[in-house]
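The structure appears right after this line, and notes come after that.
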2 protein chains.
Amino acid sequence: MRLTRSGDYAVRCLLYLALDPGRGVVARKEIAEVMNIPAQYLGKVAQTLAKAGLIGIRQGARGGYELARTAGEISLLQVVEAVDGEIFLNDCLHQLDICERRPVCAVHRVWGRARKQLRDMLGGISLAALVEEESRTAGKVCGECPATRGQTLEGKGE
Amino acid sequence: MRLTRSGDYAVRCLLYLALDPGRGVVARKEIAEVMNIPAQYLGKVAQTLAKAGLIGIRQGARGGYELARTAGEISLLQVVEAVDGEIFLNDCLHQLDICERRPVCAVHRVWGRARKQLRDMLGGISLAALVEEESRTAGKVCGECPATRGQTLEGKGE
DNA sequence: ACATATCGGACACGATTTGTCCTATATCGG
DNA sequence: CCGATATAGGACAAATCGTGTCCGATATGT
Ligand code: FES
Ligand code: FES
(Lines give C-alpha, C1' and ligand atoms only; values in the text may rest on other atoms or scores of the structure.)
(Ligands and ions follow the chains in the order given, each with its own letter.)
Protein backbone atom coordinates (compact mmCIF):
# COMPACT_ATOMS: atom_id res chain seq x y z
CA MET A 1 0.00 0.00 0.00
CA ARG A 2 2.59 2.48 -1.06
CA LEU A 3 3.54 4.85 -3.80
CA THR A 4 6.22 3.44 -6.06
CA ARG A 5 9.53 5.17 -6.61
CA SER A 6 8.37 5.97 -10.13
CA GLY A 7 5.39 7.79 -8.75
CA ASP A 8 7.56 9.67 -6.32
CA TYR A 9 9.98 10.63 -9.09
CA ALA A 10 7.11 11.81 -11.26
CA VAL A 11 5.86 14.11 -8.55
CA ARG A 12 9.31 15.50 -7.91
CA CYS A 13 9.91 16.08 -11.60
CA LEU A 14 6.62 17.85 -12.16
CA LEU A 15 7.09 19.86 -9.01
CA TYR A 16 10.45 21.10 -10.24
CA LEU A 17 8.98 22.09 -13.58
CA ALA A 18 6.23 23.97 -11.78
CA LEU A 19 8.71 26.00 -9.75
CA ASP A 20 9.28 28.75 -12.29
CA PRO A 21 6.60 28.68 -14.93
CA GLY A 22 8.04 30.95 -17.62
CA ARG A 23 11.18 28.95 -18.03
CA GLY A 24 10.33 26.75 -20.99
CA VAL A 25 12.15 23.50 -21.67
CA VAL A 26 14.34 22.13 -18.89
CA ALA A 27 17.02 19.50 -19.54
CA ARG A 28 16.37 16.07 -18.09
CA LYS A 29 19.86 16.02 -16.69
CA GLU A 30 19.23 19.13 -14.63
CA ILE A 31 15.97 17.80 -13.22
CA ALA A 32 17.57 14.49 -12.40
CA GLU A 33 20.48 16.08 -10.57
CA VAL A 34 18.52 18.57 -8.55
CA MET A 35 15.75 16.18 -7.66
CA ASN A 36 17.91 13.13 -7.06
CA ILE A 37 16.46 10.94 -9.77
CA PRO A 38 18.41 8.45 -11.90
CA ALA A 39 18.57 10.29 -15.24
CA GLN A 40 17.85 7.34 -17.50
CA TYR A 41 15.03 6.19 -15.31
CA LEU A 42 13.54 9.64 -15.39
CA GLY A 43 13.43 9.23 -19.14
CA LYS A 44 11.06 6.31 -18.79
CA VAL A 45 8.87 8.11 -16.32
CA ALA A 46 8.80 11.18 -18.53
CA GLN A 47 7.60 9.20 -21.50
CA THR A 48 4.66 8.02 -19.46
CA LEU A 49 3.94 11.52 -18.27
CA ALA A 50 4.07 12.78 -21.84
CA LYS A 51 1.63 10.12 -23.01
CA ALA A 52 -0.71 11.25 -20.26
CA GLY A 53 -0.50 14.77 -21.59
CA LEU A 54 1.12 16.20 -18.47
CA ILE A 55 4.44 17.26 -19.95
CA GLY A 56 5.76 18.11 -23.36
CA ILE A 57 9.06 16.68 -24.53
CA ARG A 58 11.53 18.35 -26.84
CA GLN A 59 14.10 16.03 -28.36
CA GLY A 60 17.48 16.84 -29.77
CA ALA A 61 19.98 19.48 -28.79
CA ARG A 62 18.71 21.78 -26.05
CA GLY A 63 15.88 19.33 -25.55
CA GLY A 64 14.12 18.46 -22.32
CA TYR A 65 10.79 18.66 -20.60
CA GLU A 66 8.19 21.28 -19.84
CA LEU A 67 4.71 21.35 -18.36
CA ALA A 68 2.01 20.75 -20.94
CA ARG A 69 -0.52 22.65 -18.85
CA THR A 70 -0.30 25.26 -16.13
CA ALA A 71 0.67 24.08 -12.67
CA GLY A 72 -2.83 24.90 -11.48
CA GLU A 73 -4.36 22.46 -13.93
CA ILE A 74 -2.32 19.43 -12.89
CA SER A 75 -3.38 17.54 -9.80
CA LEU A 76 -1.34 15.17 -7.70
CA LEU A 77 -3.82 12.45 -8.56
CA GLN A 78 -3.20 12.86 -12.27
CA VAL A 79 0.53 12.59 -11.79
CA VAL A 80 0.37 9.52 -9.59
CA GLU A 81 -2.20 7.68 -11.66
CA ALA A 82 -0.44 8.48 -14.90
CA VAL A 83 2.63 6.63 -13.66
CA ASP A 84 1.36 4.01 -11.22
CA GLY A 85 -1.99 3.36 -12.83
CA GLU A 86 -5.42 4.10 -11.49
CA ILE A 87 -5.72 3.80 -7.73
CA PHE A 88 -8.05 0.97 -6.79
CA LEU A 89 -6.90 -0.18 -3.36
CA ASN A 90 -8.92 -3.39 -3.56
CA ASP A 91 -8.67 -5.80 -6.47
CA CYS A 92 -12.36 -6.61 -6.13
CA LEU A 93 -13.15 -3.11 -7.35
CA HIS A 94 -11.94 -3.60 -10.89
CA GLN A 95 -11.15 -7.29 -11.22
CA LEU A 96 -14.81 -8.15 -11.48
CA ASP A 97 -14.35 -11.88 -11.93
CA ILE A 98 -11.97 -12.34 -9.03
CA CYS A 99 -14.51 -12.89 -6.28
CA GLU A 100 -17.77 -14.78 -5.82
CA ARG A 101 -18.88 -12.66 -2.92
CA ARG A 102 -19.73 -9.62 -4.97
CA PRO A 103 -23.51 -9.71 -4.76
CA VAL A 104 -23.46 -9.81 -0.96
CA CYS A 105 -20.18 -8.17 -0.12
CA ALA A 106 -19.91 -5.04 1.98
CA VAL A 107 -16.15 -5.09 1.96
CA HIS A 108 -15.54 -3.71 -1.45
CA ARG A 109 -18.15 -1.05 -0.84
CA VAL A 110 -16.05 0.18 2.05
CA TRP A 111 -12.96 0.10 -0.12
CA GLY A 112 -14.93 1.99 -2.73
CA ARG A 113 -15.60 4.75 -0.25
CA ALA A 114 -11.99 4.83 0.92
CA ARG A 115 -10.83 4.93 -2.66
CA LYS A 116 -13.08 7.84 -3.52
CA GLN A 117 -11.94 9.74 -0.48
CA LEU A 118 -8.29 9.25 -1.28
CA ARG A 119 -8.65 10.12 -4.93
CA ASP A 120 -10.70 13.19 -4.11
CA MET A 121 -8.03 14.45 -1.79
CA LEU A 122 -5.19 13.90 -4.24
CA GLY A 123 -7.31 15.28 -7.05
CA GLY A 124 -7.89 18.47 -5.11
CA ILE A 125 -4.23 19.33 -4.80
CA SER A 126 -2.58 21.01 -7.76
CA LEU A 127 1.10 21.45 -8.47
CA ALA A 128 0.54 25.18 -8.03
CA ALA A 129 -0.78 24.59 -4.53
CA LEU A 130 2.26 22.48 -3.70
CA VAL A 131 4.65 25.13 -4.97
CA GLU A 132 2.80 27.79 -3.04
CA GLU A 133 2.90 25.74 0.15
CA GLU A 134 6.60 25.07 -0.25
CA SER A 135 7.48 28.71 -0.69
CA ARG A 136 5.21 29.70 2.17
CA THR A 137 6.90 27.32 4.57
CA ALA A 138 10.40 27.73 3.19
CA GLY A 139 12.99 27.63 5.92
CA LYS A 140 10.55 26.39 8.50
CA VAL A 141 10.56 22.92 9.94
CA CYS A 142 7.29 21.17 9.47
CA GLY A 143 5.94 20.13 12.83
CA GLU A 144 2.98 18.11 11.72
CA CYS A 145 4.76 15.51 9.64
CA PRO A 146 6.84 12.73 11.14
CA ALA A 147 9.69 13.30 8.71
CA THR A 148 10.84 16.61 10.10
CA ARG A 149 9.46 16.36 13.60
CA GLY A 150 11.97 17.36 16.17
CA GLN A 151 14.58 18.36 13.63
CA THR A 152 16.19 21.71 13.12
CA LEU A 153 17.48 23.18 9.92
CA GLU A 154 21.05 23.40 11.19
CA GLY A 155 23.36 22.19 8.51
CA LYS A 156 20.56 21.57 6.08
CA GLY A 157 21.46 24.54 3.92
CA GLU A 158 22.01 22.54 0.77
CA MET B 1 -1.36 1.23 -4.53
CA ARG B 2 -3.43 -1.80 -3.81
CA LEU B 3 -4.33 -4.25 -1.12
CA THR B 4 -2.48 -7.55 -1.49
CA ARG B 5 -4.28 -10.85 -1.87
CA SER B 6 -3.12 -11.72 1.64
CA GLY B 7 -4.84 -8.64 2.97
CA ASP B 8 -7.97 -9.47 1.08
CA TYR B 9 -7.91 -13.03 2.40
CA ALA B 10 -7.43 -11.80 5.93
CA VAL B 11 -10.47 -9.57 5.70
CA ARG B 12 -12.58 -12.36 4.25
CA CYS B 13 -11.47 -14.79 6.91
CA LEU B 14 -12.16 -12.43 9.79
CA LEU B 15 -15.46 -11.44 8.26
CA TYR B 16 -16.53 -15.05 8.13
CA LEU B 17 -15.58 -15.59 11.74
CA ALA B 18 -17.57 -12.52 12.68
CA LEU B 19 -20.71 -13.81 10.99
CA ASP B 20 -22.01 -15.85 13.92
CA PRO B 21 -20.26 -14.86 17.11
CA GLY B 22 -21.19 -17.69 19.45
CA ARG B 23 -19.83 -20.39 17.26
CA GLY B 24 -16.41 -20.96 18.74
CA VAL B 25 -13.59 -22.52 16.76
CA VAL B 26 -14.08 -22.85 13.02
CA ALA B 27 -11.99 -25.22 10.89
CA ARG B 28 -9.57 -23.60 8.49
CA LYS B 29 -10.79 -25.88 5.75
CA GLU B 30 -14.32 -24.60 6.08
CA ILE B 31 -13.26 -20.96 5.99
CA ALA B 32 -11.04 -21.60 3.00
CA GLU B 33 -13.77 -23.34 1.04
CA VAL B 34 -16.55 -20.88 1.74
CA MET B 35 -14.39 -17.81 1.26
CA ASN B 36 -12.40 -19.07 -1.71
CA ILE B 37 -8.99 -18.96 -0.11
CA PRO B 38 -6.18 -21.48 -0.69
CA ALA B 39 -6.25 -23.47 2.54
CA GLN B 40 -2.50 -23.71 3.12
CA TYR B 41 -2.02 -20.09 2.31
CA LEU B 42 -4.74 -19.17 4.75
CA GLY B 43 -2.63 -20.94 7.35
CA LYS B 44 0.16 -18.45 6.83
CA VAL B 45 -2.15 -15.49 6.95
CA ALA B 46 -3.78 -16.85 10.08
CA GLN B 47 -0.46 -17.11 11.87
CA THR B 48 0.12 -13.44 11.22
CA LEU B 49 -3.34 -12.57 12.42
CA ALA B 50 -2.77 -14.60 15.55
CA LYS B 51 0.51 -12.83 16.28
CA ALA B 52 -1.35 -9.54 15.97
CA GLY B 53 -3.83 -10.76 18.55
CA LEU B 54 -6.80 -10.72 16.21
CA ILE B 55 -7.61 -14.41 16.19
CA GLY B 56 -7.00 -17.37 18.45
CA ILE B 57 -5.79 -20.66 17.01
CA ARG B 58 -6.60 -24.10 18.30
CA GLN B 59 -4.35 -26.85 17.02
CA GLY B 60 -5.02 -30.56 16.78
CA ALA B 61 -8.22 -32.44 16.12
CA ARG B 62 -11.27 -30.17 15.93
CA GLY B 63 -8.85 -27.27 15.73
CA GLY B 64 -9.26 -24.06 13.81
CA TYR B 65 -9.64 -20.33 14.29
CA GLU B 66 -11.82 -17.98 16.27
CA LEU B 67 -11.96 -14.26 16.92
CA ALA B 68 -9.76 -13.20 19.80
CA ARG B 69 -11.94 -10.15 20.44
CA THR B 70 -15.51 -9.26 19.61
CA ALA B 71 -16.29 -8.22 16.06
CA GLY B 72 -16.95 -4.70 17.29
CA GLU B 73 -13.42 -4.38 18.61
CA ILE B 74 -11.63 -5.28 15.39
CA SER B 75 -11.28 -2.62 12.73
CA LEU B 76 -10.55 -3.08 9.08
CA LEU B 77 -7.37 -1.09 9.57
CA GLN B 78 -6.08 -3.53 12.17
CA VAL B 79 -6.70 -6.46 9.88
CA VAL B 80 -5.06 -4.90 6.86
CA GLU B 81 -2.04 -3.54 8.70
CA ALA B 82 -1.51 -6.77 10.57
CA VAL B 83 -1.02 -8.60 7.29
CA ASP B 84 0.31 -6.01 4.86
CA GLY B 85 2.20 -3.85 7.30
CA GLU B 86 1.52 -0.30 8.33
CA ILE B 87 0.04 1.87 5.60
CA PHE B 88 2.41 4.67 4.65
CA LEU B 89 1.56 5.53 1.05
CA ASN B 90 4.76 7.52 0.56
CA ASP B 91 8.20 6.16 1.33
CA CYS B 92 9.34 9.61 2.44
CA LEU B 93 7.06 9.29 5.45
CA HIS B 94 9.00 6.56 7.18
CA GLN B 95 12.18 6.11 5.19
CA LEU B 96 13.68 9.23 6.66
CA ASP B 97 17.01 9.00 4.91
CA ILE B 98 15.61 8.43 1.46
CA CYS B 99 15.19 12.02 0.39
CA GLU B 100 17.13 15.27 0.62
CA ARG B 101 14.09 17.43 0.11
CA ARG B 102 12.64 16.83 3.50
CA PRO B 103 13.26 20.24 5.07
CA VAL B 104 11.49 22.09 2.25
CA CYS B 105 9.13 19.51 0.92
CA ALA B 106 5.38 19.99 0.86
CA VAL B 107 4.79 16.71 -0.90
CA HIS B 108 5.15 14.35 1.96
CA ARG B 109 2.98 16.61 4.09
CA VAL B 110 0.17 16.07 1.62
CA TRP B 111 0.79 12.34 1.71
CA GLY B 112 0.75 12.54 5.47
CA ARG B 113 -2.71 14.04 5.38
CA ALA B 114 -3.93 11.50 2.85
CA ARG B 115 -2.50 8.70 4.95
CA LYS B 116 -4.20 9.90 8.10
CA GLN B 117 -7.51 10.24 6.29
CA LEU B 118 -7.30 6.73 4.87
CA ARG B 119 -6.24 5.12 8.12
CA ASP B 120 -8.93 6.98 10.03
CA MET B 121 -11.59 5.72 7.68
CA LEU B 122 -10.44 2.11 7.81
CA GLY B 123 -9.93 2.37 11.54
CA GLY B 124 -13.50 3.52 11.97
CA ILE B 125 -15.02 0.45 10.41
CA SER B 126 -15.38 -2.64 12.57
CA LEU B 127 -16.06 -6.18 11.53
CA ALA B 128 -19.40 -5.88 13.29
CA ALA B 129 -20.30 -2.90 11.12
CA LEU B 130 -19.40 -4.89 8.02
CA VAL B 131 -21.50 -7.84 9.07
CA GLU B 132 -24.40 -5.55 9.86
CA GLU B 133 -24.13 -3.84 6.51
CA GLU B 134 -24.01 -7.15 4.69
CA SER B 135 -27.12 -8.49 6.36
CA ARG B 136 -28.91 -5.19 5.89
CA THR B 137 -28.27 -5.18 2.15
CA ALA B 138 -28.63 -8.92 1.63
CA GLY B 139 -30.26 -9.68 -1.68
CA LYS B 140 -29.96 -6.15 -2.95
CA VAL B 141 -27.65 -5.03 -5.70
CA CYS B 142 -25.32 -2.33 -4.59
CA GLY B 143 -25.71 0.67 -6.85
CA GLU B 144 -22.89 2.80 -5.56
CA CYS B 145 -19.99 0.46 -6.22
CA PRO B 146 -18.65 -0.28 -9.70
CA ALA B 147 -18.56 -4.02 -9.07
CA THR B 148 -22.29 -4.58 -9.00
CA ARG B 149 -23.40 -1.54 -10.93
CA GLY B 150 -25.94 -2.41 -13.57
CA GLN B 151 -26.08 -6.03 -12.55
CA THR B 152 -29.06 -7.98 -11.37
CA LEU B 153 -29.13 -10.91 -9.01
CA GLU B 154 -30.58 -13.27 -11.61
CA GLY B 155 -28.68 -16.50 -11.57
CA LYS B 156 -26.51 -15.41 -8.68
CA GLY B 157 -28.21 -17.71 -6.25
CA GLU B 158 -25.11 -19.59 -5.21
C1' DA C 1 27.34 17.94 -40.93
C1' DC C 2 27.99 17.67 -36.13
C1' DA C 3 27.06 17.81 -31.42
C1' DT C 4 23.50 17.22 -28.30
C1' DA C 5 19.75 14.95 -26.01
C1' DT C 6 15.68 12.13 -25.85
C1' DC C 7 13.27 7.73 -27.57
C1' DG C 8 12.31 3.11 -27.00
C1' DG C 9 13.37 -1.61 -26.71
C1' DA C 10 16.14 -5.11 -24.38
C1' DC C 11 17.95 -6.65 -20.56
C1' DA C 12 19.46 -7.42 -15.58
C1' DC C 13 18.65 -7.93 -10.90
C1' DG C 14 16.54 -8.07 -6.54
C1' DA C 15 12.37 -7.86 -3.91
C1' DT C 16 7.80 -9.12 -3.26
C1' DT C 17 3.77 -11.88 -3.86
C1' DT C 18 1.46 -16.00 -3.96
C1' DG C 19 1.49 -20.42 -3.32
C1' DT C 20 2.79 -25.57 -2.28
C1' DC C 21 5.01 -29.42 0.27
C1' DC C 22 6.54 -31.76 4.16
C1' DT C 23 7.66 -32.89 8.85
C1' DA C 24 6.77 -31.78 13.59
C1' DT C 25 3.58 -30.90 17.04
C1' DA C 26 -0.67 -30.25 19.49
C1' DT C 27 -5.40 -31.86 20.60
C1' DC C 28 -9.55 -34.68 20.80
C1' DG C 29 -12.14 -38.93 21.34
C1' DG C 30 -12.25 -43.35 22.66
C1' DC D 1 -2.38 -44.45 25.86
C1' DC D 2 -3.42 -44.58 20.74
C1' DG D 3 -4.63 -43.08 16.59
C1' DA D 4 -6.90 -39.75 13.80
C1' DT D 5 -7.11 -35.07 12.94
C1' DA D 6 -5.60 -30.43 12.04
C1' DT D 7 -2.48 -26.56 12.49
C1' DA D 8 2.63 -24.84 12.96
C1' DG D 9 6.39 -23.51 10.66
C1' DG D 10 10.33 -23.84 7.62
C1' DA D 11 11.84 -24.68 2.91
C1' DC D 12 11.14 -24.04 -1.52
C1' DA D 13 9.19 -22.61 -6.22
C1' DA D 14 7.29 -19.81 -9.62
C1' DA D 15 5.53 -15.58 -11.26
C1' DT D 16 5.23 -10.83 -11.10
C1' DC D 17 6.80 -6.32 -10.21
C1' DG D 18 9.87 -2.53 -9.29
C1' DT D 19 14.00 -0.29 -10.28
C1' DG D 20 17.47 0.72 -13.01
C1' DT D 21 21.12 0.39 -16.95
C1' DC D 22 22.69 0.01 -21.84
C1' DC D 23 22.61 1.03 -26.45
C1' DG D 24 21.35 1.98 -31.23
C1' DA D 25 17.92 4.99 -33.47
C1' DT D 26 16.04 9.33 -33.99
C1' DA D 27 15.13 14.17 -33.61
C1' DT D 28 16.81 19.01 -33.06
C1' DG D 29 19.65 23.24 -32.76
C1' DT D 30 23.83 25.60 -34.62
S1 FES E 1 -16.34 -8.63 -3.87
FE2 FES E 1 -14.54 -9.71 -3.33
S3 FES E 1 -14.27 -9.28 -1.22
FE4 FES E 1 -15.99 -8.11 -1.78
S1 FES F 1 10.68 14.40 1.60
FE2 FES F 1 11.04 13.20 -0.17
S3 FES F 1 9.65 13.98 -1.63
FE4 FES F 1 9.19 15.08 0.18
Side-chain angles (χ1 to χ4, degrees), chain A residues 1-13 17 24-33 35-52 54-66 68 80 82-86 88-91 95 98-99, chain B residues 1-13 17 24-33 35-52 54-66 68 80 82-92 95 98-99:
Chain A
M1 196 73 73
R2 61 178 263 278
L3 187 67
T4 61
R5 310 285 311 135
S6 299
D8 199 14
Y9 291 158
V11 173
R12 287 192 215 175
C13 172
L17 291 178
V25 171
V26 181
R28 176 216 280 169
K29 191 180 165 193
E30 175 185 335
I31 305 173
E33 277 173 6
M35 288 310 205
N36 265 284
I37 308 174
Q40 304 266 13
Y41 196 63
L42 177 55
K44 303 293 182 190
V45 175
Q47 288 174 39
T48 311
L49 291 173
K51 266 175 206 152
L54 297 180
I55 66 173
I57 299 181
R58 174 120 102 254
Q59 290 194 53
R62 297 203 35 137
Y65 309 137
E66 67 186 329
V80 169
V83 171
D84 278 359
E86 197 175 337
F88 272 108
L89 297 188
N90 191 337
D91 281 348
Q95 264 281 9
I98 212 176
C99 188
Chain B
M1 196 74 74
R2 62 177 261 280
L3 186 68
T4 61
R5 308 286 310 136
S6 298
D8 199 15
Y9 292 158
V11 173
R12 287 192 216 175
C13 172
L17 291 178
V25 171
V26 181
R28 177 216 280 168
K29 193 180 162 193
E30 175 185 334
I31 305 174
E33 277 174 4
M35 289 308 205
N36 266 283
I37 309 173
Q40 304 265 11
Y41 196 64
L42 177 54
K44 302 294 183 189
V45 175
Q47 288 175 39
T48 311
L49 291 173
K51 265 176 208 151
L54 297 180
I55 65 174
I57 300 183
R58 174 117 105 258
Q59 290 192 53
R62 297 205 34 139
Y65 310 137
E66 68 187 328
V80 169
V83 171
D84 279 357
E86 197 174 338
I87 293 177
F88 272 109
L89 297 188
N90 191 339
D91 281 348
C92 285
Q95 263 281 10
I98 213 176
C99 188

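To find a chain, count down the sequence lines: A is the first, B the second, and so on, and within it residues start at 1.
Here the closest heavy-atom approach between residue B:A82 and residue B:T48 is recorded as O-CG2, 3.2 Å. Between A:A32 and A:A39, the shortest heavy-atom distance links the atoms CB-CA, 3.8 Å. Between A:D84 and A:S6, the closest heavy-atom pair is OD1-CB, 4.3 Å. When all heavy atoms are compared, the tightest approach of A:Y65 to A:L17 is O-CD2, 3.7 Å. Closest of all the heavy-atom pairs between B:C92 and A:D8 is SG-OD2, 3.9 Å. The shortest non-hydrogen separation linking B:N36 to B:R12 is O-NH1, 3.6 Å.
B:A27 comes within 4.0 angstrom of sugar-phosphate atoms only, judged by non-hydrogen atoms across all strands, and of no base. Backbone-only engagement by B:G63 is indicated by non-hydrogen atom pairs under 4.0 Å involving sugar-phosphate atoms exclusively.
One can place CD1 of A:I37 at 16 Å from C1' of D:dT21, the figure rounded to the nearest angstrom. Note: NZ (A:K51) to C1' (C:dT6) measures 13 Å, nearest angstrom. Remark: P of C:dT17 and OH of B:Y41 are 8 Å apart, rounded to the nearest angstrom. Here D:dA8 presents its C1' atom at 13 Å from CG of B:L42, a figure rounded to the nearest Å. If you measure from atom CG of B:L49 to atom C1' of D:dA8, you get 15 Å, rounded to the nearest angstrom. Atoms CZ (A:R28) and P (D:dT28) sit 16 Å apart, rounded to a whole Å. Atom CD of A:Q40 is separated from atom P of C:dT6 by 10 Å (rounded to the nearest Å). Between A:R5 atom CZ and D:dG18 atom C1' the separation is 11 Å, expressed in whole Å.
Listed nucleotides D:dG18, C:dT6, D:dT7 differ in distance to A:I57; the shortest reach to its side chain belongs to C:dT6. Checked against C:dT18, D:dA4, D:dT19, the side chain of B:A61 finds its nearest nucleotide in D:dA4.
Each of B:L49, B:I37, B:I31 was checked for a side chain to side chain contact (heavy atoms under 4.5 Å, CB included) with B:Y9, and the lone residue meeting it is B:I37.
Side-chain atoms of A:K44 and base atoms of C:dG9 include a donor and an acceptor less than 3.5 Å apart.
At the phosphate of D:dA4, neither OP1 nor OP2 sits under 4.0 Å from any side-chain N or O atom of B:R62. For C:dT18, the OP1/OP2 oxygens have a side-chain nitrogen or oxygen of B:S6 closer than 4.0 Å. Between A:Q47 and C:dG8 there is a side-chain N or O to OP1 or OP2 distance below 4.0 Å. At the phosphate of D:dA8, OP1 or OP2 sits under 4.0 Å from a side-chain N or O atom of B:Y65. The shortest distance between the side-chain N/O atoms of A:Y9 and the OP1/OP2 oxygens of D:dG20 is below 4.0 Å.
Direction change of the helix axis from one end of the helix from C:dA1-D:dT30 to C:dG30-D:dC1 to the other is 30°, with five pairs defining each end axis (rounded to 10°).
Nucleotides of DNA chain D nearest to A:A39 and A:R58 differ in position, and the one nearer the 5' end is that of A:A39.
Within the 4.5 Å cutoff, the side chain of B:E66 has heavy atoms near those of the B:V25 side chain.
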